[in-house]
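Counting convention: from 1, in listed order, for ligands and their atoms alike.
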Amino acid sequence: MATELTLGIIKPDGVQKVLIGEIVSRIQKAGLRVIGLRLTHLSQQEAEAFYAVHKARPFYGDLVSFMIRGPVAVLAIEGENAIARWRELMGATDPAKAAPGTIRKDFASNIEENTVHGSDSPATAAVEVPFFFRTTELHRQG
Ligand code: ADP
Ligand code: MG
């Protein structure tokens, strides 16, 4: 196993439900480190670009609309095996199928408004972290 860097997003439903503190706390209690953190409100162009991989999916338009509905929190998360471990904390895409104690099981409304995003592989993380953070915005002794 290696130290990995991954992207997390607290989606508009999570910010609206005042879950930023709870979610950051779960990440840190799991032993992962938040080395970048900021609030932003995605433009339509940014949301379309971020989710370009899903362009052909029937839910793409709705997903983009949802993601620009309100502000999001973007997080750069680092630690041993961080990519898989952050996705474990998140739970399955569909909250109805998510394991007990996961963020999506505890807080998500449905398969679309599912509270959090996490990079799904090292290759994805290598694109998604720089999408939101310059290297000068990552702080390992923060
Ligand atoms: P994950 O976020 O778990 O990696 P995907 O990459 O498959 O899931 O999908 C990206 C996002 O698109 C999901 O988090 C969710 O917000 C939305 N989504 C996925 N599947 C559906 C669906 N069947 N209907 C509506 N929205 C969906
Ligand atoms: Mg995904």
Can you name the salt bridge (charged side-chain N to carboxylate O under 4.0 Å, His left out) partners of Arg87, sequence neighbours left out? none
For Glu128 and Leu7, indicate whether the former's side chain and the latter's backbone hold a donor-acceptor pair under 3.5 Å. no
Do the numbers put Arg38 on top of the ring of Phe133, so that NZ or CZ is under 6.0 Å from the six-membered ring centre and no more than 45° off the axis? yes
Which atoms of ligand 1 sit under 4.0 Å from any heavy atom of Leu63? 11 (C), 12 (O), 16 (O), 17 (C)
Geometry only, no angles: is Arg87 polar-contacting ligand 1 at N/O separations under 3.5 Å? yes
Which of the numbered atoms in ligand 1 are under 4.0 angstrom from any heavy atom belonging to Asn114? 13 (C), 14 (O), 15 (C), 16 (O)
Can you tell me the protein heavy atom closest to atom 16 (O) of ligand 1 and the distance? Glu112 O, 2.8 Å
Heavy atom to atom 7 (O) of ligand 1, shortest distance: which of His54, Met67, Glu113, His117 holds it? His54
Which atoms of ligand 1 have any heavy atom of Arg104 under 4.0 Å away? 1 (P), 2 (O), 3 (O), 14 (O)
Sub-6.0 Å ring centroid separation between Phe131 and Phe50: yes
Should the proximity of Met90 to ligand 1, defined as any heavy atom under 4.0 Å, be assigned to the side chain, the backbone, both, or neither? neither
Could you tell me the residue and atom name of the protein heavy atom closest to atom 24 (N) of ligand 1, and the distance to it rounded to 0.1 Å? Ile111 CG2, 3.6 Å
Counting N and O atoms only, with roles assigned by atom type, does the side chain of Glu22 sit under 3.5 Å from a partner on the main chain of Leu19, one being a donor and the other an acceptor? no
Any nitrogen or oxygen of Tyr51 lying under 3.5 Å from a nitrogen or oxygen in ligand 1? Just yes or no. no
Measure from the side-chain N and O atoms of Arg85 to the backbone N and O of Glu80, and report whether any donor-acceptor pair falls under 3.5 Å. yes
For Thr115, does its backbone N or O pair with a side-chain atom of Asp13 as donor and acceptor, under 3.5 Å? yes
Taking atom 3 (O) of ligand 1 as the reference point, the nearest protein heavy atom with its distance: Thr93 OG1, 2.5 Å
Considering heavy atoms of the protein only, find what lies nearest to atom 25 (C) of ligand 1 and give residue, atom and distance to 0.1 Å. Phe59 CB, 3.5 Å
Residue pairs meeting side chain to side chain donor-acceptor pair (under 3.5 Å), one or both in residues 91-110, sequence neighbours left out, come to Lys17-Ser109, Arg26-Asp106
